[in-house]
Amino acid sequence: MKWAIPVAVLSVAGLVPVWLYSPGAAHEGEINEVAAPPAQEQQQTVPPTTTTAPRTTGSAPKTTGSAPQTQQQQTQQQQQNRTVAGPAVNTSEGTVQVQVTLQGKKIVDVKALRAPNSDPTRMALPLLKQSALKAQSADIDTVSGATATSEGYKQSLQAALDGAK
């Protein structure tokens, strides 16, 4: 009986952090491709451990006729790239919002800023992105099994493209 009070106090003290825990935005049931880039982009390159001297054959290297881009050309190209976020579209499965990156009038990238965190959506997002890049518009097919997400994706993408004009 003498241990009852200390056990009760320590039990409550141990549960207080659990009661106060609040998950971050990544755990609220949404996918955010901007906050968490795909695993392919997170790969690290490992430098080679052995080095060898280049072989010389005595002939000059061949040129293709195009000069490498200067820093000014690269800066101009980056300035041509613009990113536009579409509106958040509420669907029956959750909120969908996309961000489109344009180079001139060409769509070069589409990312989901918000999307429902479900298996059909995780399967659909890469397919929707691929379709949008191929079609160069928001006129893309709906992904079977993720109809609501697909419709929200298309609406947000179209609004972003309209806003970029």
Side-chain angles (χ1 to χ4, degrees), residues 1-51 74-75 77-103 106-165:
M1 188 68 180
K2 65 179 181 178
W3 293 102
I5 293 175
V7 168
V9 169
L10 291 175
S11 295
V12 170
L15 290 174
V16 168
V18 174
W19 291 328
L20 297 177
Y21 176 73
S22 176
H27 300 286
E28 291 181 1
E30 289 187 356
I31 297 172
N32 184 335
E33 290 181 343
V34 176
Q40 297 170 351
E41 294 177 12
Q42 294 176 353
Q43 294 177 352
Q44 296 179 351
T45 57
V46 179
T49 55
T50 60
T51 58
Q74 290 174 350
T75 304
Q77 183 179 17
Q78 289 173 350
Q79 289 174 349
Q80 290 177 350
N81 286 356
R82 61 189 192 284
T83 302
V84 182
V89 177
N90 291 320
T91 69
S92 61
E93 296 299 316
T95 305
V96 180
Q97 182 179 17
V98 300
Q99 171 182 298
V100 63
T101 303
L102 300 160
Q103 183 177 10
K106 181 179 180 185
I107 300 173
V108 293
D109 192 23
V110 181
K111 291 182 179 172
L113 296 178
R114 297 173 69 183
N117 189 9
S118 64
D119 288 336
T121 298
R122 283 191 295 275
M123 181 230 16
L125 288 178
L127 298 173
L128 292 166
K129 177 180 180 174
Q130 181 183 11
S131 296
L133 291 173
K134 184 177 179 183
Q136 290 295 302
S137 73
D139 186 22
I140 55 177
D141 291 333
T142 300
V143 175
S144 178
T147 305
T149 300
S150 299
E151 293 301 321
Y153 190 97
K154 292 191 298 187
Q155 288 176 19
S156 184
L157 178 59
Q158 184 62 56
L161 292 173
D162 291 344
K165 291 182 180 179

Any idea which heavy atoms bring [X] and [Y] closest together, and the distance?
X    : Y    : value
T121 : S118 : OG1-OG, 3.0 Å
T149 : E93  : OG1-CB, 4.4 Å
T147 : T142 : CA-CG2, 3.6 Å
L125 : A115 : CD1-CB, 4.1 Å
V84  : A160 : CG1-O, 3.4 Å
A88  : Q97  : CA-CB, 3.9 Å

Pairwise distance [atom1]([X]) to [atom2]([Y]) - rounded to 0.5 angstrom:
X    : Y    : atom1 : atom2 : result
Q99  : D109 : CD    : CG    : 8.0 Å
Q130 : I140 : CD    : CD1   : 10.5 Å
T91  : Y153 : OG1   : OH    : 14.0 Å
T101 : L133 : OG1   : CG    : 9.5 Å

Quiz item: Given side chains that start at C-beta, do those of L128 and V143 come closer than 4.5 Å, heavy atoms only?
Solution: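 Contact flag for L128/V143 side chains = yes.
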Practice problem: Flag the pair S131 / D141 as yes when at least one side-chain heavy-atom distance between them is below 4.5 Å, and no otherwise. | Solution: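 Heavy-atom side-chain distance check fails, nothing below 4.5 Å.
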Practice problem: For D162, check side-chain hydrogen bond (donor to acceptor under 3.5 Å, both in side chains) against everything at least two apart and list the hits. | Solution: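 Listed in chain order: Q158.
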Quiz item: What residues form a side-chain hydrogen bond (donor to acceptor under 3.5 Å, both in side chains) with S150, not counting sequence neighbours?
Solution: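 Per chain and number, S150 pairs via side-chain hydrogen bond (donor to acceptor under 3.5 Å, both in side chains) with no residue.
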Quiz item: Does S156 reach the main-chain N or O of P87 with its side chain, forming a donor-acceptor pair under 3.5 Å?
Solution: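 Yes, S156 side chain to P87 backbone: donor-acceptor pair under 3.5 Å.
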Quiz item: Are more than 12 heavy atoms from other residues, nucleotides or ligands located less than 6.0 Å from atom CD1 of I5?
Solution: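 Count not over threshold, so no.
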Practice problem: Evaluate side chain to side chain contact (heavy atoms under 4.5 Å, CB included) for I107 paired with L161, printing each intermediate quantity in order. | Solution: CA-CA 9 Å; I107 300 173; L161 292 173; 3.9 Å; yes
Quiz prompt | Pair listing, salt bridge (charged side-chain N to carboxylate O under 4.0 Å, His left out) test, anchored in residues 145-157, at least two apart | solution =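 Qualifying pairs, neighbours excluded: E151-K154.
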